[in-house]
Amino acid sequence: MAVCEAVSCGSSLRWPRVLLFGDSITQFSFQQGGWGASLADKLVRKCDVLNRGFSGYNTRWAKIILPRLIRKGNSLDNPITVTIFFGANDSALKDENPKQHIPLEEYAANLKSMVQYLKSVDIHENRIILITPPPLCETAWEKECILQGCKLNRLNLVVGEYAKACLQVAQACGTDVLDLWTLMQEDSQDFSSYLSDGLHLSPKGNEFLFSHLWPLLEKKISSLPLLLPYWRDVAEAKPELSLLGDGDH
């Protein structure tokens, strides 16, 4: 007997997706206490949260690989929301780190190009969130650089210029933006506790990012139902009546 004769087959259940696209700060976000892991926990049974973070990448490389992650003509699998979180590597000083450095104007152009690509595959600008790089704690990061046998290769004021460019791209493209660089330094607060090594996020920094990103994301996915019914609501005599529909019903 064929499987579908033995078990009544329902329609395929489409599972919405949120895609996190960025550099190491995104790649590491699924570690314990990470901001991506917190999003996945918050959205369990409503959508999948996909980590597409690439340690060390800049926007020049990101622009090249984005069409490999989200393809034209594959709209059924397109994410309902995309975060774009680059700049920590782009803002590296050219003289000290030429491989990762991207000129400021190109950085902005690359961000804009990625937004335009997403729009071309039917991901509207209101489903995109840009995130600026966080501030850089130079004293802590310099220690890391020395351990790696190099000089300090980033400066917080320079990172701020890239953060500002990210804000300008978001305004021009009509996307949401999370200005992490400004928020973490608000009221001249000591932001070093938000960073584990001067560049990457500490547990406190992950919590900070999640707390500010969630309100932006929530308004985009608040209408998503719980996928498949709560167990108490499953029909006991004929569970297929409950389990082969869509959503929370």
Side-chain angles (χ1 to χ4, degrees), residues 20-29 35 53-63 83-115 129-173 175-213 216:
L20 312 180
F21 186 40
D23 53 34
S24 58
I25 303 176
T26 297
Q27 180 176 320
F28 301 158
S29 72
W35 60 275
F54 300 88
S55 180
Y57 276 45
N58 55 37
T59 54
R60 183 181 295 165
W61 304 344
K63 184 178 71 169
T83 62
I84 301 177
F85 188 5
F86 288 94
N89 298 315
D90 297 68
S91 59
L93 302 176
K94 182 179 180 180
D95 290 343
E96 300 299 335
N97 190 348
K99 183 164 185 174
Q100 290 181 305
H101 168 80
I102 297 297
L104 185 61
E105 289 186 2
E106 184 189 343
Y107 167 73
N110 290 340
L111 286 179
K112 187 174 293 186
S113 176
M114 286 188 276
V115 171
I129 302 172
L130 300 185
I131 306 175
T132 76
L136 180 84
C137 180
E138 294 173 13
T139 54
W141 184 243
E142 186 174 24
K143 293 177 183 178
E144 292 294 319
C145 291
I146 292 172
L147 289 175
Q148 297 169 20
C150 59
K151 298 178 182 179
L152 178 65
N153 56 24
R154 289 164 171 81
L155 295 173
N156 190 39
L157 283 177
V158 175
V159 177
E161 294 174 2
Y162 284 72
K164 183 178 179 181
C166 181
L167 292 173
Q168 292 170 342
V169 170
Q171 184 176 19
C173 294
T175 71
D176 278 337
V177 62
L178 175 56
D179 185 2
L180 206 56
W181 190 85
T182 298
L183 287 170
M184 283 187 168
Q185 299 180 92
E186 213 163 30
D187 300 322
S188 300
Q189 65 177 312
D190 178 11
F191 61 86
S192 61
S193 62
Y194 293 132
L195 305 167
S196 62
D197 56 6
L199 175 67
H200 301 96
L201 300 180
S202 66
K204 184 177 178 181
N206 275 281
E207 183 179 351
F208 183 94
L209 172 52
F210 170 76
S211 69
H212 286 83
L213 179 59
L216 294 177

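As a basis for the values below, the full set of heavy atoms in this structure was taken, side chains included, without hydrogen atoms, waters or symmetry mates.
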(request) Could you tell me whether the side chain of Pro103 reaches within less than 4.5 Å of the side chain of Arg60, counting heavy atoms only? (result) yes

(request) Return yes when atom CD of Glu138 has more than 12 non-hydrogen atoms of other residues, nucleotides or ligands closer than 6.0 Å, and no otherwise. (result) yes

(message) Going by the rule ring pair (Phe, Tyr, Trp, His ring centres under 6.0 Å), which residues pair with Trp141 if we only count those two or more places apart in sequence or in a different chain?
(response) none

(message) Looking at Glu105, I want to see if its CD is surrounded by more than 12 non-hydrogen atoms of other residues, nucleotides or ligands under 6.0 Å.
(response) no

(request) Decide yes or no for Ile129 and Val177: does some side-chain heavy atom of the first lie under 4.5 Å from some side-chain heavy atom of the second? (result) no

(message) Could you work out, with salt bridge (Lys or Arg N to Asp or Glu O under 4.0 Å) as the rule, every residue matching Asp179, not counting sequence neighbours?
(response) none

(request) Take Gln185 and Asn156 through the test side chain to side chain donor-acceptor pair (under 3.5 Å) and record every step on the way to the result. (result) CA-CA 11 Å; Gln185 299 180 92; Asn156 190 39; 3.0 Å; yes

(message) If I take atom CG from residue Asn153 and atom CD from residue Glu142, how far apart are they, to the nearest 0.5 angstrom?
(response) 10.0 Å

(request) State, yes or no, whether a side-chain contact exists between Arg154 and Asn89 at a heavy-atom distance under 4.5 Å. (result) yes

(request) Nearest 0.5 Å please: distance from the CG atom of Leu195 over to the NZ atom of Lys204. (result) 10.5 Å

(request) Test Leu111 against Met114 for side-chain contact (heavy atoms from CB on, under 4.5 Å), laying out the working first. (result) CA-CA 5 Å; Leu111 286 179; Met114 286 188 276; 4.0 Å; yes

(request) May I ask you to decide if Leu209's main-chain N or O and Asn206's side chain share a donor-acceptor pair within less than 3.5 Å? (result) no

(message) Contact between Trp181 and Leu167 at the side-chain level, heavy atoms closer than 4.5 Å - yes or no?
(response) no

(message) Once rounded to the nearest 0.5 Å, what's the spacing between atom CG of Asp23 and atom OH of Tyr57?
(response) 11.5 Å

(request) Could you tell me which non-hydrogen atom of Val159 sits nearest to which non-hydrogen atom of Pro134, and how far apart they are? (result) CG1-O, 3.4 Å

(request) Please assess Trp35 against Leu20 for the test side-chain contact (heavy atoms from CB on, under 4.5 Å), listing each intermediate value before the final yes or no. (result) CA-CA 10 Å; Trp35 60 275; Leu20 312 180; 3.8 Å; yes

(request) Side-chain contact test, heavy atoms from C-beta onward, threshold under 4.5 Å: evaluate it for Leu183 versus His212 and give yes or no. (result) yes

(request) Report yes or no: does Gln189 contribute a side-chain atom to a donor-acceptor pair with the main-chain N or O of Met184 at less than 3.5 Å? (result) yes

(message) Donor-acceptor pair, distance only, cut-off 3.5 Å: does the side chain of Ser202 make one with the backbone of Gly205?
(response) yes

(message) Is any side-chain heavy atom of Phe208 closer than 4.5 Å to one of Leu180?
(response) yes

(message) Any heavy-atom pair between the side chains of Cys173 and Lys112 that's under 4.5 Å?
(response) yes

(request) Step through the shown structure and confirm whether more than 12 heavy atoms of other residues, nucleotides or ligands are within 6.0 Å of CG on Leu157. (result) no

(request) Could you pull out all residues at least two apart from His200 that satisfy side-chain hydrogen bond (donor to acceptor under 3.5 Å, both in side chains)? (result) Ser24, Asp197

(request) Using side-chain contact (heavy atoms from CB on, under 4.5 Å) as the criterion, point out the one residue from Val115, Asp176, Leu178, Thr83 that pairs with Leu130. (result) Val115

(request) Would you please name every residue forming a salt bridge (Lys or Arg N to Asp or Glu O under 4.0 Å) with Glu96, sequence neighbours left out? (result) none

(request) Could you note down all residue pairs passing ring-ring contact (aromatic ring centres under 6.0 Å, His included) where residues 148-168 supplies at least one of them, sequence neighbours left out? (result) Tyr107-Tyr162

(request) Taking all heavy atoms of Thr26 and all of Gly53, pick out the closest pair and write down the distance. (result) CG2-CA, 3.7 Å

(request) Check side chain to side chain contact (heavy atoms under 4.5 Å, CB included) between Ala108 and all other residues, then give those that pass, not counting sequence neighbours. (result) Ala165, Val169

(request) Take Leu136 and Leu199 through the test side-chain contact (heavy atoms from CB on, under 4.5 Å) and record every step on the way to the result. (result) CA-CA 5 Å; Leu136 180 84; Leu199 175 67; 3.9 Å; yes

(message) To the nearest 0.5 Å, what is the distance between NZ on Lys94 and CD1 on Ile102?
(response) 10.5 Å

(message) Let me confirm one number: the CG-SG distance from Asp190 to Cys137, rounded to the nearest 0.5 Å.
(response) 7.5 Å

(request) Report yes if some heavy atom in the side chain of Phe28 is under 4.5 Å from a heavy atom in the side chain of Ser55; otherwise report no. (result) yes

(request) Evaluate the criterion side-chain contact (heavy atoms from CB on, under 4.5 Å) for residue pair Ile131 and Ile84; output intermediate values, then yes/no. (result) CA-CA 6 Å; Ile131 306 175; Ile84 301 177; over 6 Å; no

(request) Please assess Lys63 against Ser113 for the test side chain to side chain donor-acceptor pair (under 3.5 Å), listing each intermediate value before the final yes or no. (result) CA-CA 7 Å; Lys63 184 178 71 169; Ser113 176; 4.8 Å; no

